[in-house]
Amino acid sequence: MTFRIRKAVFPVAGLGTRFLPATKTVPKEMLPVVDKPLIQYAVDEAIEAGCDTLVFVTNRYKHSVADYFDKAYELEQKLEKSGKSELLSLIRDVLPRHVRAVFVTQAEALGLGHAVLCARPVVGDEPFAVLLPDDLIWNTGHGALRQMAELAERESASVIAVQDVPREQTGSYGIVATRDFSGRHGEISAIVEKPKPEVAPSNLAVVGRYVLSGGIFDRLAKTRPGAGGEIQLTDGIAALMEKERVLAYRFEGRRFDCGSRIGLVEATMQFALDHEDLAEPTREFMRAALAR
Ligand code: G1P
């Protein structure tokens, strides 16, 4: 089996309660970091990794995600007429021409594993990526998913992004135990969803980037509700590991947890520093704000 990925799944059906009242009408994936919504960063990362089919798993409250990737006829015409070609390419380039977006609905919020299973009719049984847009990964080199895609191809195995977290935080993540870590990757020997620190097999936490073999779908179809009463992707992966190798990969880059308010604030500052026109004013503001 070749492990080249062409399809990326974006589960975007969560409620985003940590950002209420903003998320009363704006899905959390549409919250901006500087001038792009979170979902756009994840989409760009998937395209850089070679994906040309993007599968958004949404619910009935998330029309704005589909609207965002749709053509904005009136706005485009207006900008075209007034010769604003730079702005025009900004809104046209949200998706390059060779990339297509597919939307599937998750009718009930039954968990991340269930959301991924909803993408099965589009993905089929080939290897694919899953990106959780609220994990925003900043990088100066290749994106995290591209690094993972290369490893998956080289090793012909599923790959899951991990990072070390303080032990007291294991209850917020999927946690893995690994055999032989060499360089940045190692084979996963156990994976548990949100274990308490006392029983966590390590402090190596799953970050929202996965390259998975199509075999995961059969496992997810049989997965019963687990942690939090939800059908967990983690449990599907644990079942997959009985038959196939799954690797943990410590990616290069810095992850911002934009599912939390402080994560979104930190990411905004980090990404502002990458914009030529914003870097200096941002630095100046931070210095002055800290001196007050
Ligand atoms: C999900 C996964 C968890 C993973 C985390 C990464 O949890 O279930 O295994 O560690 O994403 O962000 P959530 O944050 O959606 O509760």
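Whatever order the structure lists them in is the order used to number ligands and atoms, beginning at 1.
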State the atoms of ligand 1, each with its element, that fall below the 4.0 Å cut-off from a heavy-atom position in Asp135. 6 (C), 12 (O)

So is there a nitrogen or oxygen of Gly174 less than 3.5 Å from a nitrogen or oxygen in ligand 1? yes

Would you check whether Leu233 reaches within less than 4.0 Å of ligand 1, judged by its heavy atoms? no

In ligand 1, the atoms that come under 4.0 Å of a heavy atom of Tyr173 are 10 (O)

Looking at Lys36, I want to see if its NZ is surrounded by more than 12 non-hydrogen atoms of other residues, nucleotides or ligands under 6.0 Å. yes

Between the side chains of Asp135 and Arg209, is the shortest nitrogen-to-carboxylate-oxygen separation below 4.0 Å, so that they form an ion pair? no

Whether Asp134 and Arg18 form a salt bridge (side-chain N of Lys/Arg under 4.0 Å from carboxylate O of Asp/Glu) is what I want to check. no

Classify the contact between Asp257 and ligand 1 as side chain, backbone, both or neither, using a heavy-atom distance cut-off of under 4.0 Å. neither

When you look at CZ of Arg245, are more than 12 heavy atoms from neighbouring residues, nucleotides or ligands closer to it than 6.0 Å? yes

Does NZ or CZ of Lys194 lie under 6.0 Å from the centre of the six-membered ring of Tyr173, at an angle within 45° of the ring axis? no

Do ligand 1 and Glu193 have nitrogen or oxygen atoms that lie under 3.5 Å from each other? yes

Tell me if the CZ atom of Arg261 is crowded by more than 12 foreign heavy atoms within 6.0 Å. no

Would you say atom 11 (O) of ligand 1 touches the protein, meaning some protein heavy atom is under 4.0 Å from it? yes

Check whether any protein heavy atom sits under 4.0 Å from atom 14 (O) of ligand 1. no

Would you kindly check if the NZ (Lys) or CZ (Arg) of Arg250 is within the cone defined by 45 degrees around the ring axis of Phe181 and under 6.0 Å from the six-membered ring centre? yes

In ligand 1, which numbered atoms sit nearer than 4.0 Å to a non-hydrogen atom of Thr234? 9 (O)

N or O contact, Lys194 vs ligand 1, cut-off under 3.5 Å: yes

Any N/O pair Val206/ligand 1 closer than 3.5 Å: yes

Inspect the contact between Lys78 and Glu74 and indicate whether a charged nitrogen and a carboxylate oxygen are less than 4.0 angstrom apart. no

